[in-house]
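Just so we're on the same page: letters track the sequence lines, and every chain starts at 1.
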There are 2 protein chains.
Amino acid sequence: MNTSTQACARALLEVAPAIVQAMRVQMRAQRLHELSVPQFRTLAFIGRHPGCSLSDAAEFIGMTLPSMSILINGLVEEGFVLRQTSLLDRRRVTLNLTEAGAGVYAHALEGTLAWLSRQLEPLAEADKQIVLRAMEILRPYFVTNVDAAAVAEVSHA
Amino acid sequence: MNTSTQACARALLEVAPAIVQAMRVQMRAQRLHELSVPQFRTLAFIGRHPGCSLSDAAEFIGMTLPSMSILINGLVEEGFVLRQTSLLDRRRVTLNLTEAGAGVYAHALEGTLAWLSRQLEPLAEADKQIVLRAMEILRPYFVTNVDAAAVAEVSHA
DNA sequence: TTACAATAGTTAAAATTTCTAATGATTAGA
DNA sequence: TCTAATCATTAGAAATTTTAACTATTGTAA
């Protein structure tokens with residue numbers, strides 16, 4: 001393990017969680033939504049993985065299947081998520097956001113984006129470019145891809 | 001709001017949570033500690049803010065005071081945290097890590113650091129430098145400072 | 001100085017969340 | 001076809017978190 005890798009990892013380990021923590025505080029303060037944190041995270045996951053299964057969501061969020069089933073109940077009742085049985089495999093459930101769910105998610109993102117922009121405004125132009133570039137470098141290693149194919153899957157209630 | 005600020009904020013909003021999420025998954029997989037997520041976050045907060053009060057921790061984690069009081073009970077019973085009455089204001093409680101608590105925290109960090117280093121290893125040297133530089137740019141805006149003065153405060157059980 | 005209000009934390013009971021265990025339904029494989 | 005594996009739900013128990021009420025201490029102003 002070379003030194004620059006370690007230094008890079010160490011810095012990331014310190015700063016990334018701090019940024020996310022600040023985002024969380026901001027979201028709480030703004031009362032952007034009447035959702036619990038796990039519910040919001042699940043909404044975000046479904047938004048990025050339309051047509052995903054209950055298991056997918058449970059594994060990503062780090063919850064058991066029964067817990068996720070109950071959490072999804074809540075989101076369905078509130079009209080934010082569509083739970084449908086897959087036609088390809090009738091054991092499976094496919095999850096998608098409703099228009100309302102997508103709206104809530106987009107609105108929350110927007111608020112946080114505006115806040116974050118205010119935070120970054122004082123940065124020098126060159127520094128912003130470095131940060132942007134760094135995010136582009138890291139993205140492929142950490143951001144899971146949207147599975148667009150799943151969206152198209154035919155399913156019914 | 002200029003464009004580069006927004007682009008920077010947007011990238012950060014996408015990538016930072018993804019990195020932290022990956023860290024979380026890794027920590028769960030490694031079973032680094034027999035602590036719940038809020039307990040671990042609290043441990044980390046106390047580590048960075050020695051001598052902080054219960055309210056400080058509660059506000060940062062986003063919990064009510066009674067919940068934090070109970071959570072701290074657990075950490076004290078497990079021997080990870082020292083809860084002492086402040087001599088300066090006897091209503092207040094000062095929180096500090098025990099040696100064991102600091103050890104658990106350091107060990108968890110170490111494991112995650114090793115994992116993160118493996119993730120970053122394939123990056124080109126120049127890219128690592130950019131990421132490192134970006135973190136240094138962002139640090140002062142998001143990483144809360146350790147309040148070293150609080151450590152020195154005289155207190156008793 | 002005394003009285004009143006505000007602050008910090010704890011306790012108790014209720015509500016919520018999450019987990020484990022058991023079950024049903026569907027699909028895959030021998 | 002029969003058996004095993006997969007995906008999800010239900011039921012009941014355990015853990016976590018919250019609200020409400022209370023204690024102790026400090027600050028403030030008559």
Of C:dT26, C:dA8, D:dT19, the nucleotide closest to the side chain of B:Thr64 is D:dT19
- Message: I'd like to know if the side chain of A:Arg83 and the backbone of A:Ser69 have a donor-acceptor N/O pair within less than 3.5 Å.
- Response: yes
In whole angstroms, the gap separating C1' of C:dT16 from CG of A:Asn73 amounts to 14 Å
Whole-Å distance, B:Arg91 CZ to C:dA6 C1', equals 8 Å
So does A:Gly51 get a backbone contact from the side chain of A:Asn96, meaning a donor-acceptor N/O pair under 3.5 Å? yes
Whole-Å distance, A:Phe40 CZ to C:dT17 P, equals 17 Å
Using a 4.0 Å heavy-atom cut-off, does B:Leu65 contact any base of the nucleic acid, only the sugar-phosphate backbone, or nothing at all? base
Here the distance between atom P of C:dA8 and atom CD of B:Gln84, to the nearest Å, is 19 Å
From CZ of B:Arg90 across to P of D:dT25 the rounded distance in Å is 5 Å
One should read off an interatomic distance between A:His49 NE2 and A:Thr42 OG1, to the nearest 0.5 angstrom, of 11.5 Å
Write out a two-atom table: protein N or O, nucleotide N or O from nucleotides 11-16 of chain D, distance below 3.5 Å.
none

| query | Does A:Ser67 have a side-chain nitrogen or oxygen under 4.0 Å from the phosphate oxygens OP1 or OP2 of C:dC19? | reply | yes
From the candidates C:dT27, C:dG9, D:dT17, the one with an atom nearest any side-chain atom of B:Leu71 is D:dT17
Taken to the nearest whole Å, CD1/A:Ile72 to P/D:dT10 is 14 Å
* To do: Measure from the side-chain N and O atoms of A:Gln21 to the backbone N and O of B:Phe60, and report whether any donor-acceptor pair falls under 3.5 Å.
  => yes
- Task: Check step by step if side chain to side chain contact (heavy atoms under 4.5 Å, CB included) holds for B:Val143 and A:Glu14.
- Result: CA-CA 8 Å; B:Val143 176; A:Glu14 182 189 9; 3.7 Å; yes
Check your understanding: Does B:Gln39 reach the main-chain N or O of B:Ser36 with its side chain, forming a donor-acceptor pair under 3.5 Å?
Key -> yes
Between A:Gly62 and B:Ser69, the residue closer to the 5' end of DNA chain C by nearest nucleotide is B:Ser69
note: A:Met68, atom CE; C:dT20, atom P; distance rounded to Å ~ 15 Å
Check whether any side-chain nitrogen or oxygen of A:Ser55 sits under 4.0 Å from OP1 or OP2 of D:dC7, and answer yes or no.
no
Side chains of A:Ser55 and A:Leu65, heavy atoms from C-beta outward: is any pair under 4.5 Å? yes
When rounded to whole Å, the CG to P distance for the pair B:Asp89 and D:dT26 reads 6 Å
### Query
Looking only at side-chain N and O atoms, does B:Arg83 come under 4.0 Å of OP1 or OP2 in C:dG9?
no
